[in-house]
Structures are given as structure tokens and as C-alpha cells.
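Worksheet: the structure to be examined is printed underneath.
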Amino acid sequence: MCQDRPVSVSRRDLLRWQFDLTWSLFELHLEQLKPEDFLWEPAPHHWTVRPGGEGAWLPDWDEAELDPVPVPTVGWLSWHIGWWWSVTIDHARGRTPRERVEITWPGDGEAAVAWLRGLREEWLAVLDRLSDTDLDAVAPFPWPADPGMTVAHMLAWVNAELMKNAAEIGQLRLVRAASAA
């Protein structure tokens, strides 16, 4: 019951609503980002994206759990979103997921924002085709072979991960703007 009315929204519709809310908050930051925000180094110990071979931009990465954790740049965070989202879409569509090293940063802020907006469109296509039976299936990612985690859990994880990364990008954008003032 919600204010004396029965709640009749489906799980998929609720997850879609949550995603749309999260994305709208993310858009507030995406619209305000300036090209120089993407590679701004917020601390001496940081992770960013760097030009690599053949025009690809590669993220800093270490398989070890670092302590302290490097502070990511907006560029690195935008790559990170693109990486986990691309792999999640691969899993959700039944495709062989790409390896982390196969997913590179587009090379500048405008291209990165366009990439993320394109992934949003792909994700919406995935969400719109899901049935309740699909939501109850075992999630192929990010918990491989865990029968207790469903596709519905995967969708909730995407929403949470996007919300976290959007907040990190927003905070970096605000700190950089305040530092320059």
C-alpha cells in the first residue's frame, strides 16, 4: 500500500524508474562537464586514462587492491562506467563479454559523454524486453555462478553502480570548479 492505494508497479517498471531517476541525476553532471574536467588530476595519487597504441586511450589499472585507492579522474570514471556497462550489456544479450582491456576510452570528454549516452540507449533496449521470468533467471554478471543472484539483482546493481559513479563524477566536477574559484 502506498498512501492507501495498492502498489501495482512491476519489478521491471520499478527498476526502470530507478534507472531513469539515476540517469536524470547523472545528466545534470554530464551537461556541466567541460573538456578540461575529464583529465583534471584531483590528487597526486590518481588513476586516469592515457593515450596508448593505435590511438586508443587506456585506463590506469592494477589487479591488486591498492591502499590507498588512487583517486580517479572524471575520464577514468567515464571509462569505468563504459567498461562495466558494456560487459553487463554483453551478458544480458547473451554475447561473449569483452575483456576489460578491449574497452578503451573514446579519447575526449564529448566522445565519452556520447559513448555513455549510447550505452544508456542499449541498456534501455535490454530493460524493455525483460519479462518477470527473465528477471528471475540467474544473473550471469557480476556474480558468476551464484544461483542466489538474479537478473533483477543485476539490474539493481547497475542502478547502484551508476548512482555511485555519477556521484563521484559530480563531486569531482564540483571540487574542480570550487578549486578554480
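Numbering of residues begins at 1 and proceeds along the displayed sequence.
Counting non-hydrogen atoms of neighbouring residues, nucleotides and ligands closer than 6.0 angstrom, the CD atom of E121 exceeds 12 such neighbours. Counting heavy atoms of neighbouring residues, nucleotides and ligands inside a 6.0 Å radius, atom NZ of K34 does not exceed 12 of them.
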Trace of the side chain to side chain contact (heavy atoms under 4.5 Å, CB included) decision for V175 with Q171:
CA-CA 6 Å; V175 168; Q171 189 65 32; 3.7 Å; yes
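Contact of the H153 side chain with the W143 side chain is registered, since non-hydrogen atoms from C-beta on lie closer than 4.5 Å. The shortest side-chain heavy-atom distance between L33 and F38 falls under the 4.5 Å cut-off. Looking at D62 and W47, their side chains come closer than 4.5 Å, going by heavy atoms from C-beta outward. Contact of the W123 side chain with the L155 side chain is registered, since non-hydrogen atoms from C-beta on lie closer than 4.5 Å.
Pairs of residues two or more places apart, or lying in two chains, that qualify as salt bridge (charged side-chain N to carboxylate O under 4.0 Å, His left out) and include a residue from residues 169-181 are D37-R176. For residues 101-120, the salt bridge (charged side-chain N to carboxylate O under 4.0 Å, His left out) pairs, not counting sequence neighbours, are E27-R117. Applying the salt bridge (charged side-chain N to carboxylate O under 4.0 Å, His left out) test to every pair with at least one member in residues 46-55, sequence neighbours left out, gives these pairs: R50-D60.
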List the atom pairs, with distances to 0.1 Å, where a side-chain N or O of residues 156-163 and a protein N or O form a donor-acceptor pair under 3.5 Å, not counting sequence neighbours.
| from | atom 1 | to | atom 2 | distance (Å) |
| --- | --- | --- | --- | --- |
| N159 | ND2 | L15 | O | 3.2 |
| N159 | ND2 | Q18 | OE1 | 2.8 |
| E161 | OE2 | H80 | NE2 | 3.3 |

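For the atom pair L116 CG and W79 CH2, the distance stands at 12.5 Å (nearest 0.5 Å). Rounding to the nearest 0.5 Å places NE2 of H29 at 6.0 Å from CG of L174.
One N or O on the side chain of H45 and one on the backbone of P68 form a donor-acceptor pair closer than 3.5 Å.
Heavy-atom minimum distance, R11 versus A152: NH1-CB, 4.3 Å. Of all the heavy atoms in T150 and A139, the pair that sits closest is O-CB, 3.2 Å.
Take W105 and apply the ring-ring contact (aromatic ring centres under 6.0 Å, His included) test, not counting sequence neighbours, and it matches W57. In this structure H91 satisfies the ring-ring contact (aromatic ring centres under 6.0 Å, His included) test together with F141, sequence neighbours excluded.
Using a 3.5 Å distance cut-off with no hydrogens or angles, the side chains of W61 and E63 do pair a donor with an acceptor. A donor atom on one side chain and an acceptor atom on the other are not found under 3.5 Å apart for D136 and T133.
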